[in-house]
Amino acid sequence: MDRPQALIGRAVERKEGRDKVVGRSKYIDDITFPGLIHGATVRSPAARGRIRGISFEGNMPWDEFTIVTAKDIPGHNHVALLMNDQPLLADGFVNHPEEPVLLLAHADKYLLEEARRCVKFDIEPWPAVFTIEESLARKELIWGQDNIFKSYLVEKGDVDSVWNTADFVVEGEYFTGAQEQLYIENNGIIAVANAQDGVSIWGSMQCPYYVHKGLLPIFKFPDDKVRVIQTETGGGFGGKEEYPTLISGHAALLALKSGKPVKIIYDRAEDMVATTKRHPARTRHRTAVSKDGKLLAQEIDFVIDGGAYCTLSPVVLSRGTIHSAGPYFCPNVRVKAQAVATNSPPHGAFRGFGAPQSIFALERHMDKIAQVLKLSPEEFRRRNFIKDGETTATGQVVKDKVDMQALLTKALALSNYHAKREVFTEQNQRSKIKKGIGFATFMHGSGFTGSGEKYLSSVVGIEGTAQGKVRVLAASTEIGQGTNTIFTQIAADALGVAGDVVEVAQPDTKFVPNSGPTVASRTVMVVGKLVETAATGLKQTLVQSGFLHEGYSSRQFEEAVAGYVKKFGQLKAFSQYKQPPDINWDDAKYQGDAYGAYAWAVYVAEVSVDTVTYDTHVDNFVALQEIGKVMHPVFAAGQIEGGVAQAIGYALYEKVVWKEGRMINNQMTNYIMPTAVDVPPIHVFFEEQPYSRGPSGAKGIGELPMDGPAPAILNAIENATGLSLNHIPLLPEDLMEAIHD
Amino acid sequence: MRAHLPSYEMKTPASLHEALTLLANEPGKWRPFAGGTDIMVQFEAGKLAHRKFLNILNIAELKGITKDKEHLTLGALTTYSQLQANAVMRAEFPLLCQAGSETGAIAIQNRGTLGGNIVNASPAADSPPALVVYDAELELVSAQGVRWVAYPAFHKAYKKMDLRPDELLQRIRLKRNTAGAHQYYRKVGTRRAQAISKVCFAGVARQSKGLLSDIRIALGSVGPTVVRIPNTEAALNGKKLSSQLIAQARNNLAAEITPLDDIRSSAAFRVRVAQNLLEEFLCGIGSQN
């Protein structure tokens, strides 16, 4: 029997890998249409104010340009998200620097750039707020009644009953900065639009159905008059979750008015200055502990800076809130969380989605408490790790077969932690280079938070082709992380066929069902499971109709599919997500099963701090995690390595320099991401405790590696220098001040 | 790309003579364009104000490395890669090789030129501190002939040079007198590669019978031009190294540089790191003997 070898768990070839390597893949800027013209966005120079006038200056043939303002919007002037508060084009008022005010299009893209410089706005400046502190102090009311987009309160037990009797109460304050996603391919969209046929969008994006939903109210078109097609996408990291909706709206407005296809491509400077970044955050901890090292109460005050409009901030806040108490058991927990408004461009989705911020605070704070207790960071954590059957901050009973004790033991052994701690202490006395080692222990929930997956109710289809192949129909996008390949592995194994029998359809809202957004580490665990179920359904149809007989070969399978399609015209199977009855979440109380499953991890960082240049270099990194099932060993390791590198940037290099709400270092020469020589060897290890509801037991891993490195690195810096530093990015300038103050 | 491409013009002269004639006839109108590694960044950003360029990259007289007993002479179009590959450079002028190896990426090192690095006149450039401590001389050529100037006096103020609009930098000459000298170069950038410097330090010194002599120190990114620090040097020459002397040198240095706060770093950081580098340089002399 030539039943093919299972593909899951093997490093099979990347589905679209050859096309990418030889340059055959078509990214949005490689695509053109007859008569296509170029679009550009003219943006607010002011952080906040009233638009008094717009003038068109210079020696420009203005009559050749398509010009769009808010007045040209046929339907609603908003980007459809949670609150619909963000206009597509500013109408009378601006609320952040670089806010889109006016759109231009012209066939000559060089002239277009010249024209963009010749549009001048007269703006009456209004007072603005630029920091979390200013926003909370209501220095100026810039959004709603109180500058607050969203707040949550999580209550477990009664923290207030503990403070007076606890042996120790330890407080700390922690800050994390903004971060730019820096996908390789900048944002770009092409739109074709007319009143009869509606709008079609091609572009670089993570979530075609978000764009679809976003375009409907702008044009008041019915569902079937908006079509969205994802083209090959060079990375997203969350930066192409919600933002492409706005660019699509712009391109479509220009296309409708000009009657021509319109392409809008952001260059790096525009992408950096205008699009979303990771939310800056401030976290305060107040923790009661007993002298034998048990957590008694955690009070956590978590605030994120949402920028000028609500966008996704409530959801980012939610994930940050739920992760803020970490993988520990504490009987009494209170988390107060707020997302506040400031006059900077809206902050948005970015790998980790609020969790890296609150986990940074917690894992620094755990080291601080350990010091107060005169326990090692290791021992203090060991006394508090959550165990099977214990409850998290939201009261979720942990059912993962997780053993954080064993995970920690293994990670510390793999990194030679204890021996290094001793050797470094001794060597540092004689050296200008101070070495240190530190770690963080954490978990990351897979899939949408709380009832999110229930509301999404994602659908995946699989269809047979006349040639006998099967095609996976999903809106989940390949953005470099391996969706095409992993869906192929899952479908092929479920069908018992070779990988080349499976195709993955290009996400196109006209042909694929809504499998939900490509975010939240959900594509393998949630959507992948739907692929598996749909494939099983398709196989059952073939067997029950007599086209396929158990013990079939790949070839016989293809014949069966082709035969079925020939006879019945089509072969399709669908699968829809249903929330399992034992997953319960209370949105009002913010209690219950926050995530179906978590990935668990221990990360160990080794650093050198140069006291001549105040430079911190990460010398070595060990990343150990339990992720259910390694679907593809190369992709899985790649996710971890890439995430760790990105998080090293977050911790030590990538500082957004703000001036009155505007990023002023919006170039890659001045926004410093680590290069290959700044990133150490990253040693990746996996443990597998299969999750019953993931395909082959898989849980999510995409965001996990963003969470742990920053606190592990700052814990290592404290080990090296004795300095307790609690904000990131931690630049050499900051370290110098800390050392000499 | 934000530049309006049709507004720019570039001419490629067939010879040095043609280039110099053009520069003489229309002084200031044509700006030389060699590797273009900095100009293209401004162009891409739509911030390149000058519109007319003279492509000199193919002019033979501006190329090549020659040596005699006393000097090593580099054509202005010598790339960072070429200077690192030269055996005499590596043996006698390691600081300049190191500067070349830490400039940009390999692609930039293959394209960017030493002459371009000099006349672009960025105070944060990597090679000028090394050229200053080597007492480099520059050969400037125009339709009227050639003249030699001492490099340490070449930069007059921010982006102001001892260079007329009708002149081209033709060659850079280095005295082969570094044998036995202690040499030190350290660029402190924003990361380990592909970085612009926050402080750049080059130093050479000799020590005999325990006494320091012939100290030359230059720094980048701590003022409007690359700077030498004559008072600090004078207070070290003829002295015996000690922790007191080093402490005094640190103080002298702080009084001689005028760094700014900017997008890459702070003045306070630049002063302190410059002092630390000075100390590392001086301690290195001590440990060598």
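A, B, ... follow the sequence lines: proteins, then strands. Residue 1 opens every chain. The structure presented is a predicted model; accordingly, all values stated were derived computationally and were not measured.
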Problem set entry | Part of A/M668 lying under 4.5 Å from any heavy atom of chain B | backbone

Exercise. Quick check: does any side chain N or O of A/D678 sit under 3.5 Å from a backbone N or O of B/R191, one acting as donor and the other as acceptor?
Worked result: no

For this session: Evaluate whether atom OH of B/Y158 has more than 12 neighbouring non-hydrogen atoms of other residues, nucleotides or ligands under 6.0 angstrom away.
Result: no

Exercise. Looking at side-chain heavy atoms only, is the closest gap between A/Y614 and B/N276 below 4.5 Å?
Worked result: yes

Seminar exercise, completed: Cut-off 4.5 Å, heavy atoms of chain B, and the answer for A/E270 is both

Problem set entry | Atom CD of B/Q244 with >12 non-hydrogen neighbours under 6.0 angstrom | no

Seminar exercise, completed: Of the listed A/R116, A/K432, A/H617, the one with the largest count of heavy-atom pairs under 4.5 Å with chain B is A/H617

For this session: Measure the shortest side-chain to side-chain distance between B/R2 and A/R117 over non-hydrogen atoms and say whether it is less than 4.5 angstrom.
Result: yes

For this session: Anything in residues 253-268 of chain B with a heavy-atom distance to chain A below 4.5 Å? Please list those residues in order.
Result: B/I263, B/R264, B/S265, B/S266, B/A268

Exercise. Under a 4.5 Å heavy-atom cut-off, does chain A meet the side chain of B/R186, its backbone, both or neither?
Worked result: side chain

Problem set entry | Contact origin within B/V273 toward chain A - heavy atom pairs under 4.5 Å | both

Problem set entry | NZ/B/K240: more than 12 non-hydrogen atoms of other groups inside 6.0 Å | no

Exercise. Which residues in residues 99-112 of chain A have any heavy atom lying under 4.5 Å from a heavy atom of chain B?
Worked result: A/Y110, A/L111

Exercise. Given the rule in the side chain to side chain contact (heavy atoms under 4.5 Å, CB included) test, do A/T669 and B/V41 qualify, once you have shown the distances and angles that lead to the verdict?
Worked result: CA-CA 10 Å; A/T669 47; B/V41 175; 5.7 Å; no

Exercise. Can you name the closest pair of heavy atoms from B/A193 and A/T675 and give their distance?
Worked result: O-CG2, 3.8 Å

Exercise. To the nearest 0.5 Å, what is the distance between CG (B/L5) and CD (A/E113)?
Worked result: 12.0 Å

Problem set entry | Over 12 foreign heavy atoms within 6.0 Å of CD, A/E64 | yes

Exercise. How would you list, in number order, the residues of residues 95-125 of chain B that have a heavy atom less than 4.5 Å from chain A?
Worked result: none

For this session: Can you measure from OG1 (A/T613) to CG (B/L277) and round to the nearest 0.5 angstrom?
Result: 8.0 Å

For this session: Carefully, step by step, assess B/E44 and A/D267 under the rule side chain to side chain contact (heavy atoms under 4.5 Å, CB included).
Result: CA-CA 10 Å; B/E44 152 73 28; A/D267 68 5; 4.3 Å; yes

For this session: Name, in order of residue number, those residues of residues 644-659 of chain A that have a heavy atom at a distance of less than 4.5 Å from a heavy atom in chain B; otherwise write 'none'.
Result: A/Y653, A/V657

For this session: Answer yes when A/E733 and B/R272 have at least one side-chain N-carboxylate O distance shorter than 4.0 Å, and no when they do not.
Result: no

Seminar exercise, completed: Under 4.5 Å to a heavy atom of chain A? For B/Q275 that would be neither

